[in-house]
Amino acid sequence: MHLLVRAAERGVRIVALDAAGREGGASDHADLADAVRTWEAEAPRWVWDDTARRYPAVLAAGLRVARCVDLRLSRAILRSSAHTRTSELAASPADAWDSPRAESAGDGAALFDVLPPDPDPGEEFRRQRAAVAAAGEAAPRLELLLAAESAGALAAAEMRHTGLPWRADLHRALLAAALGERPAPGERPRRMAEHAGAVRRALDAPDLNPDSPPELLRALTRAGVDARSTRSSELRRLTHPVIAPLLEYKGLARLFSANGWHWLDQNVRDGRFRPDFVPGGVVTGRWASAGGGGALQLPRAVRSAVVADPGWKLVVADAAQLEPRVLAALADDAAMTRAGASGDLYAGIVASGAVDSREHAKVAMLAAMYGATSGKAGRLLPRLSRAFPRAMAVVEDAARAGERGETVTTRLGRSSPPGDAPAYDETADQDRVRARARARGRFTRNFVVQGTAAEWALSWMAIARTRLHETASGVPLAEAAHLVFFVHDELVVHAPEHAATAAADLLRRSAAEAGKLLFGAAPSDFPVAVAVVDAYSDAK
DNA sequence: TATTTAAGCGCC
DNA sequence: AAAGGGCGCTTAAATA
């Protein structure tokens, strides 16, 4: 059963929909939470405009929903999918449904005053159903993709609602140990100031601001250091007394500015970090994050502050070598699948005889998926092509398509955006035209792998979320095992100690199910490394 | 002065 | 001969 959520003069009107979107009976409610309280037991699929906008209020009321259709996210997929190219939806001009997500509710009513009037979600749902229905044999996969995308949006809102356990006291202690005491505003912490002093002395540049790359580069050159940039990776290869203190300084400066006291003040409240995930925020289907939290870039250096509550555990699950395994499954490449069957795909590639070291296997696979062709990686590629022709054909075909200006499409039906037309002044320059085409090819090459891996991860998350909710039906979200974090190929569950092992099993089973959902009963497997720990930093 | 761009670095 | 994907954030520099 689908239940459409439509704004009413007072509160919301809930309308029953059939599979094609035809409207049936309706009921009025004071607000969405009240509607959920009334209807969720019927196990509906809620149809609403924007999960990020509607769902937080439901969660705030202590409720949750099992399933939804996020019309905004679904629109984005159907707008550009090759499978719905001829639909009315794809042909229509951009409208409010193509807008980025709304600010989440609770940030003040004034925000909504400037939003355009809500377009009718019932009409949009019917347009979307028609587009999917016309997609022929691709329709079931598109259905899966829309369901997974929408489930991800629910999970994102729930993870923000419950938050990731964060021990501010431990975080402060690690900052003090690394940087010294918290400085006054505008000052450098003691340890940073010391290293800055050492850098200035080594370069004989008493006024140098080491935070300024051009200034630093000039000072390095003056001191006879042959550096083309001030990147740490480049500096590391050089020998000079300034290098050690400079690298120390850079490391501390990064910690101070990105995840120091200010970050803590802004992002951790009541023992929780509430990440602002943005489902579908990346064209490939990966999530993005917003705001200063940097949820998808939590550095390892601060993960020791992520600690389970007393009596609870963190269950950290990481999909091992996800992208090459996805490629093997996507290409139905039996040889590559066999190489992955042992658990270590790169070791399996060595065992197949294609290359002679694990390191070579890894470099070559990354080159195949990203499009590097130079150096060592480039020389290894022909050997991969001989050993795994089907897998390599998938990425090569995707690259050629991108170079020809075509789009490519993931397993479930997300298509790459069309390329920008080259600027006028570029069309005359054949080298530039070719360089653009190659860059486009690298993008489309990676798109099919990264995008399909994102679909696998979304499915994994959706299945795990459903199973977790099933085992804790009727219990408030935060009182039973629940998802707290996601990073592309990694899921973290916060679970009562007694439920941690079961959660670990659940995450493994969900991964296997996700593989079958995307690729059928193919022999590919998607092993996950699971660790039951107190601190996030103790996993791997 | 306010906003945009670039460099650098973190994550996958 | 060379040719490495996707992000977000902070600071400094450049531009309006």
Side-chain angles (χ1 to χ4, degrees), chain A residues 186 188 208-218 227-236 246-247 249-260 262-263 266-267 275-303 318-324 326-327 362-379 381 395 398-399 402-403 408 416-417 431-432 434-454 456-457 485-491 536 540:
Chain A
R188 289 195 172 93
L208 173 70
N209 172 11
D211 294 325
S212 164
E215 231 183 281
L216 180 58
L217 192 59
R218 280 194 296 272
R228 285 169 37 262
S229 78
T230 64
R231 276 192 205 96
S232 297
S233 57
E234 188 183 343
L235 297 176
R236 237 183 293 279
L246 183 51
L247 291 175
Y249 177 85
K250 280 174 163 282
L252 295 180
R254 175 79 195 177
L255 175 64
F256 174 59
S257 68
N259 295 97
H262 186 245
W263 183 91
Q266 295 297 309
N267 292 289
D276 190 1
F277 291 118
V278 185
V282 181
V283 286
T284 57
R286 273 188 175 184
W287 286 12
S289 63
L296 297 172
Q297 296 109 249
L298 274 193
R300 291 178 185 286
V302 297
R303 293 189 183 183
D318 184 303
Q321 303 161 335
L322 178 59
E323 292 197 346
V326 161
L327 174 57
K362 195 171 171 177
V363 165
M365 276 307 303
L366 291 176
M369 294 186 297
Y370 291 163
T373 50
S374 68
K376 190 194 289 176
R379 287 195 296 279
L381 282 180
V395 285
E403 288 170 5
V408 294
S416 61
D431 283 349
R432 269 208 209 173
R434 275 190 291 269
R436 278 181 75 103
R438 282 195 303 271
R440 193 71 201 162
R442 287 192 297 276
F443 170 63
T444 51
R445 168 195 294 270
N446 187 249
F447 185 95
V448 292
V449 178
Q450 186 184 117
T452 303
W456 180 90
F485 203 56
F486 171 66
V487 204
H488 306 310
D489 61 357
E490 187 174 327
L491 277 172
Y536 194 4
K540 71 183 174 185

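So you know, we letter chains A, B, ... as the sequences are listed, proteins then strands, and number each from 1.
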Note to self: Base, sugar-phosphate or nothing for A/Asn209? Non-hydrogen atoms, less than 4.0 Å.
What the structure shows: sugar-phosphate
Next item on the list: Pick base, sugar-phosphate or nothing for A/Ser233, based on heavy-atom distances below 4.0 Å to the nucleic acid.
Entry: nothing
Provide a list of protein-nucleic acid N or O atom pairs under 3.5 angstrom, restricted to nucleotides 2-5 of chain B.
none

Margin query: With a 4.0 Å cutoff (strictly under), does any side-chain N or O of A/Ser212 reach OP1 or OP2 of C/dA13?
Written below: yes
Next item on the list: Measure the OG1-CG distance between A/Thr452 and A/Leu327 for me, rounded to the nearest 0.5 Å.
Entry: 9.0 Å
Next item on the list: Classify the nucleic acid contact of A/Arg303 as base, sugar-phosphate or nothing, counting any heavy atom under 4.0 Å across all strands shown.
Entry: sugar-phosphate
Next item on the list: Could you tell me whether A/Arg445 contacts a base, only the sugar-phosphate backbone, or nothing, with contacts defined as non-hydrogen atoms closer than 4.0 Å?
Entry: nothing
Item checked: Distance, nearest 0.5 Å, that separates OH of A/Tyr536 from CG of A/Leu298 -> 7.0 Å
Check: So does A/Lys250 get a side-chain nitrogen or oxygen closer than 4.0 Å to the phosphate oxygens (OP1/OP2) of B/dG8?
Finding: no
Next item on the list: Round to the nearest Å and state the distance from A/Arg379 atom CZ to C/dA1 atom P.
Entry: 13 Å
Next item on the list: Would you kindly give the CZ-to-P distance between A/Arg218 and C/dA12, to the nearest whole Å?
Entry: 14 Å
Checklist line | Between CG on residue A/Leu217 and CD on residue A/Glu215, distance to nearest 0.5 Å | finding: 11.0 Å
Check: Nucleotide by nucleotide, 5' to 3', does protein get under 4.0 Å of the base (B), only the sugar-phosphate (S), or neither (-) in nucleotides 2-8 of chain C, counting heavy atoms?
Finding: -BSBBSB
Notebook entry, point to check: Do you know which two heavy atoms are closest between A/Val448 and A/Ala398, and how far apart they sit?
Noted result: CG2-CB, 3.9 Å
Check: What is the distance from CD of A/Glu215 to P of C/dA12, rounded to the nearest Å?
Finding: 10 Å
Next item on the list: Begin with the C-alpha distance, continue with both residues' side-chain angles, and end with the deciding distance and a verdict on side-chain contact (heavy atoms from CB on, under 4.5 Å) for A/Asp489 and A/Glu323.
Entry: CA-CA 9 Å; A/Asp489 61 357; A/Glu323 292 197 346; over 6 Å; no
Notebook entry, point to check: Base, sugar-phosphate alone, or nothing: which one does A/Leu322 contact when heavy atoms must sit under 4.0 Å apart?
Noted result: nothing
Checklist line | Separation of atom CG in A/Leu252 from atom C1' in B/dG10, rounded to whole Å | finding: 15 Å
Next item on the list: Whole angstrom is fine here: how far is it from CG in A/Leu255 over to C1' in C/dT11?
Entry: 16 Å
Check: Are any of the side-chain heavy atoms of A/Asp318 and A/Val487 separated by less than 4.5 Å?
Finding: no
Checklist line | Gap separating the CG atom of A/Leu296 from the CZ atom of A/Phe277, nearest 0.5 angstrom | finding: 5.5 Å
Margin query: I need the A/Tyr249 OH to A/Phe256 CZ distance, nearest 0.5 Å.
Written below: 9.0 Å
Atom pairs and distances, side-chain donor-acceptor, residues 278-292 of chain A, under 3.5 Å, sequence neighbours left out:
residue	atom	partner	partner atom	Å
A/Thr284	OG1	A/Arg286	N	3.4
A/Thr284	OG1	A/Gln450	OE1	2.6

Next item on the list: Please state the P separation for the pair C/dG4 and B/dC12 - nearest whole angstrom.
Entry: 22 Å
Next item on the list: From the options B/dG10, B/dC12, B/dG8, select the nucleotide whose nearest atom is closest to the side chain of A/Val487.
Entry: B/dC12
Next item on the list: Using whole Å, report how far CG of A/Leu235 lies from P of B/dG8.
Entry: 9 Å
Next item on the list: Find the distance A/Leu216:CG to B/dC9:C1' and express it as a whole number of Å.
Entry: 15 Å
Notebook entry, point to check: Distance from A/Arg188 atom CZ to A/Leu252 atom CG, nearest 0.5 Å?
Noted result: 11.5 Å
Notebook entry, point to check: Nearest-Å distance, CZ (A/Arg231) to P (C/dA12)?
Noted result: 19 Å
